[in-house]
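This report concerns only the one structure given below.
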Amino acid sequence: MTSVDLSPRPIEAMSPRQLERRRSLIAAALALVTETGVEKLQMKQVCERSGVALGTAYRYFSSKEHLLATAIAEWHRLLLVDLACEPRGLPGPKAPREPAERMLRFVRDGMRAYQRQPELARLRVSVAASTDPFASEALQGMARADALALQAVMAEVPPTESALVSQIVAHAWQGELTAWVTGRATLGDARRRLEDVVRLVLAPYGAA
């Protein structure tokens, strides 16, 4: 008996109309998470909000976990774009000159963004443990985007070292978000610890 391939359609194989449906599903998922939280969200609700049939939705996402992982990865990717542009956009003497200074601004603004969207912080933490292979792929893409953005913030650091530094900062960021979301730390404590990590690992490249 021939097995049926239930894998979602690859993005590169989608038509413009299919890409639009996929974007609608992601937008609906993010909106519903911010409104009702992660735990209560159902694929049926996402489909009703987006106008995409339930059966069709599974052609784009293998599971609710896959959709949610893709949604938070896309939201986080856009956040990284904003964060990476912000420090460079400051004129003259206001622009942070040292890599530690720029990284501190980067992670502070990042934590503030999640503070404004606490349900998305919970979403990021909840999908981190997903065993869905397609969700894992989306999360790996988010990790790669993190690495690229963090390394761009500290361009003066040698590439062989910046890869490790960015990994340390990214893991600390995830860990402190998790501590805050799960109630093991206040947001202020989580932010201070994250900043301490940044100062420590970037101390050899200039004082903050």
Side-chain angles (χ1 to χ4, degrees), residues 6-8 11 21-50 52 54 56-83 106-150 166-195 197:
L6 299 178
S7 300
I11 295 178
R21 288 196 194 102
R22 183 178 182 275
R23 284 191 291 268
S24 295
L25 288 165
I26 291 172
L30 289 172
L32 286 165
V33 166
T34 58
E35 291 170 16
T36 65
V38 181
E39 294 79 8
K40 296 181 180 179
L41 184 139
Q42 301 294 326
M43 284 293 282
K44 181 180 178 182
Q45 295 173 299
V46 176
C47 292
E48 289 173 351
R49 174 70 66 93
S50 64
V52 177
L54 184 60
T56 303
Y58 285 105
R59 298 179 188 173
Y60 303 98
F61 301 102
S62 63
S63 64
K64 182 177 81 170
E65 289 74 20
H66 181 202
L67 169 59
L68 291 177
T70 303
I72 192 59
E74 177 62 14
W75 185 85
H76 186 74
R77 183 187 67 80
L78 294 175
L79 171 63
L80 291 177
V81 172
D82 289 341
L83 295 179
F106 190 94
V107 297
R108 282 171 186 156
D109 290 348
M111 290 294 277
R112 287 193 193 99
Y114 276 105
Q115 181 183 10
R116 291 192 295 268
Q117 297 283 0
E119 290 301 333
L120 296 186
R122 294 185 181 92
L123 173 58
R124 176 173 171 172
V125 170
S126 70
V127 300
S130 176
T131 57
D132 183 292
F134 295 103
S136 297
E137 186 178 323
L139 295 172
Q140 288 166 10
M142 184 165 68
R144 289 191 295 272
D146 263 338
L148 290 172
L150 292 171
S166 67
Q167 187 177 39
I168 292 170
V169 173
H171 278 278
W173 192 354
Q174 177 69 32
E176 295 306 335
L177 274 176
T178 301
W180 169 51
V181 164
T182 56
R184 297 199 300 270
T186 66
L187 179 62
D189 286 342
R191 188 160 42 211
R192 280 190 292 273
R193 286 199 298 261
L194 177 56
E195 291 177 11
V197 170

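Starting from 1, each residue takes its place in the sequence as its number.
The two residues Leu54 and Lys44 make their nearest non-hydrogen contact at CD1-N, 4.3 Å. Closest of all the heavy-atom pairs between Leu139 and Val127 is CD1-O, 3.1 Å. Looking at every heavy atom in both residues, Ala113 comes nearest to Trp75 through O-CH2, 4.1 Å. Of all the heavy atoms in Ala29 and Ala71, the pair that sits closest is CB-CB, 4.5 Å. For Gln45 against Lys40, the heavy-atom pair with the smallest separation is OE1-O, 3.1 Å. Considering every non-hydrogen atom in both Leu25 and Val46, the closest pair reads O-CG1, 3.6 Å.
Note: Met43 CE to Leu32 CG = 11.5 Å, rounded to the nearest 0.5 Å. Here CG of Leu80 is found 7.0 Å from CG of Leu150. Values are rounded to the nearest 0.5 Å. If you take CG on Asp132 and CG on Leu68, they are separated by 10.5 Å, rounding to the nearest 0.5 Å. In this structure, Glu39 CD and Glu119 CD are separated by 7.5 Å, a value rounded to the nearest 0.5 Å. Taking CZ of Arg184 as the reference point, atom OG1 of Thr178 lies at 7.0 Å (rounded to 0.5 Å). Between the CD atom in Gln167 and the CG atom in Asp146 there is a gap of 11.0 Å [rounded to 0.5 Å].
A side-chain N or O of Tyr114 and one of His76 form a donor-acceptor pair less than 3.5 Å apart.
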Tell me, with the steps shown, if Glu137 and His66 meet side-chain contact (heavy atoms from CB on, under 4.5 Å).
CA-CA 9 Å; Glu137 186 178 323; His66 181 202; over 6 Å; no

side-chain contact (heavy atoms from CB on, under 4.5 Å) evaluation trace for Phe61 with Arg22:
CA-CA 9 Å; Phe61 301 102; Arg22 183 178 182 275; 3.7 Å; yes

As a quick check of understanding, evaluate side-chain contact (heavy atoms from CB on, under 4.5 Å) for Ser166 and Val169, giving each step before the final call.
CA-CA 5 Å; Ser166 67; Val169 173; 5.8 Å; no

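Between Arg77 and Glu74 a salt bridge is recorded (basic side-chain N to carboxylate O distance below 4.0 Å).
Side-chain contact between Arg21 and Arg59 is absent, with no heavy atoms from C-beta onward closer than 4.5 Å.
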